[in-house]
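Every chain is numbered from 1 and lettered A, B, ... according to where its sequence line falls, protein lines coming before strand lines. This is a predicted model, so every value here is computed, not measured. Side chains included, hydrogens not; waters and symmetry mates left out as well; all remaining heavy atoms used.
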Amino acid sequence: MIRLNGINKSYVTGTNKLHVLKGIDLHIKAGEFVSIMGSSGSGKSTLLNIVGILDEHDAGEYYLDNTLIRNQSETRAAGLRNKYIGFVFQSFNLISFKNAMENVALPLYYQNVKRKKRNRIAMEYLERMGLAEWAEHMPNELSGGQKQRIAIARALISKPKVILADEPTGALDTSTSYEVMQILKEINKEGITIIIVTHENDISHMTNRIIHLKDGLIESEILNGKQPFVA
Amino acid sequence: MFDTDKWQEIFSTIRKNKLRTFLTGFSVAWGIFMLMILLGSGNGLQTGVEKQFESSAINTIWVWSGQTSLPYKGMKPGRNIQLVNEDYDAVKRTVKGIDKSSSRYNIWGTNTLSYKKQFGTFNVRNVYPDYGEIEKIKIIKGRYINQPDIEQFRKVTTISTQVEEALFKGEDPMGKYITVNGVPFKVVGTFTDDDNNGDDNMRLIYLPISTAQRVFSGDNRINTIALTVGNASVEESKLIEQSVKSKLASLHKFDPADPRAIFTWNSLENYQRFIRLFASIRLFIWIIGFGTIIAGIVGVSNIMMIVVKDRTKEIGIRKSMGATPWSIVSLILQEAILITSFAGYFGLVLGVVVLETIGSKIESPFFSHPSVDLRIALYALMLLVFSGALAGFIPARRAAAIKPIEALRDE
């Protein structure tokens, strides 16, 4: 599903050049549940952004579902994001002036699904998250856990192949974090590849494979659970 | 372009961001409103002054006599110049370009008019038939002085409705005889003459000049010559004025350069002076109006930039959901165009309403019927909408072009 060969990325700020990723080789198969760990500044979020086509890499090859991702236009990147990837963010990133249902339905707007239809589908996903009665509420009326579940519903609605979650539990308390992880696990069982970035050990241990990043390189990989992983 | 789903998206955004919408709309509505008021007032001033000139023909030259102030051919200054019928005939015969003309003979002293037991003091103007057109007199009943009156020395008179009211008290004056300083004259018509300087032109009657000169021992004396110059330009009109002067100078043997022997008043020249004045006022108003529009453009641009800045995070979210840069730009632009058009239209309507209600109530000799060329207002509106769109386009395109990750990081 995702194949990275020698991915390099550096940021230029003024005269300083910050080499964040120094050659990442990674292969993630369809249906995996992976966590990326590392201290802050290790490049884990940058890696996620490159995988999510939110950011571009400088060197190396990135294949998403056997498609080479390289210097594509913004329009094409948008299309790929819409088709393949669902995002879950630490700060939820719900649109504040849209209610829960409209937020969930937003990706379908960019697939030209009619309003009625996409609101109906959004309701189905909200129901799955147990939030049907909150459909008309605005994000600021919801708790952190509810917001994140809405964000997950939004990530799922476009039926993506990959869900990328950047510190999905970072802003949540422990019990809510576990709830959210439980939801992500269930989604993974349906065959959707999930990659989460976290710095919390307990969260990463709920995934099947833990990738440790350090100073822009993969330091170690741990297979978690029973299924053995062969690269 | 017409996509109901997109419009619904836009409407829901507008509904939920009322303050932003209001601020954008307000600067546009205000700009258009002020422009309407400015242009309307300018036009009102102009119509007002033009109306002033309506009370007598605008292409008239008035000539009256004075006293010589320069020595000429051995004659001392200080001679009184008395215009006579022959002067009028000579001017009429020799000066080219005269359309209508009349001389006027005034009877000095108080003139008592009476009918039965009613009497009053009024002015008496003794004229040729053309005078009615020069003064733009409006006949209410009967007729004005005519040519046979002049030729046959008829004792007839055309009286103002004010005189009619004073003497006849509701009785029909037509065919009745009034006495003018004891001499009976038959009323053949009544008139009104709109004059913006009180009712001077209404407190009088007209008599045939030939009759009056004979009856009131005026001999061949006249006091004023009035003539119109048709469609002559100001330059032509001044030429005519000049040749009238030199004709009279040769007849009365005074220096043609003498400023006090003959006085003239050229209404066309004065009218043109006003026209030029108004051209400058209009230019001034346009400059202010242009400034108002610029201020509106700057306001809209500022707000649009803030709006885009404000929405950077939303743009990032949308992009991560798969929004293309173009869909972002068009979303912001269509919203901007929608708001500015509606607000501009609102300002336009409000401006018209204010001009129509308040403007039409202002009663002043120099202000009347303020109005605006709607085409100009529409052009201004289009300019504002366009510049608002342009002002939104540049930051929107930049916002749509930045990496979603940067937009999302924007707090």
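A:K98 pairs by the side-chain contact (heavy atoms from CB on, under 4.5 Å) definition with A:I95, A:E102, A:N103, A:L106, B:E9, B:S12, B:R318, not counting sequence neighbours.
Interatomic distance, NZ of B:K319 versus CZ of A:R81, reported as 6.5 Å (0.5 Å rounding).
Open room surrounds CZ on B:R398; 12 or fewer heavy atoms of other groups in view lie less than 6.0 Å from it. Around the CZ atom of B:F342, the shell of radius 6.0 Å holds no more than 12 heavy atoms that belong to other residues, nucleotides or ligands. Within a 6.0 Å sphere centred on NZ of A:K159, heavy atoms belonging to other residues, nucleotides or ligands number 12 at most. Within 6.0 Å of atom CG in A:N140, more than 12 heavy atoms from other residues, nucleotides or ligands are found, so the atom counts as buried in its surroundings. The number of heavy atoms from other shown groups lying within 6.0 Å of CZ (A:R115) is above 12.
Interface residue B:S327: only side-chain heavy atoms are found under 4.5 Å from chain A. With a 4.5 angstrom heavy-atom cutoff, A:L94 touches chain B only via backbone atoms. In this structure, chain B has heavy atoms under 4.5 Å from both the backbone and the side chain of A:T75.
Closest approach of B:I317 to A:N93, counting heavy atoms only: CD1-O, 3.1 Å. Between A:A78 and B:A323, the shortest heavy-atom contact is CB-O, 3.3 Å.
Taking 4.5 Å as the limit, some side-chain heavy atom of B:M321 sits within range of a side-chain heavy atom of A:R154.
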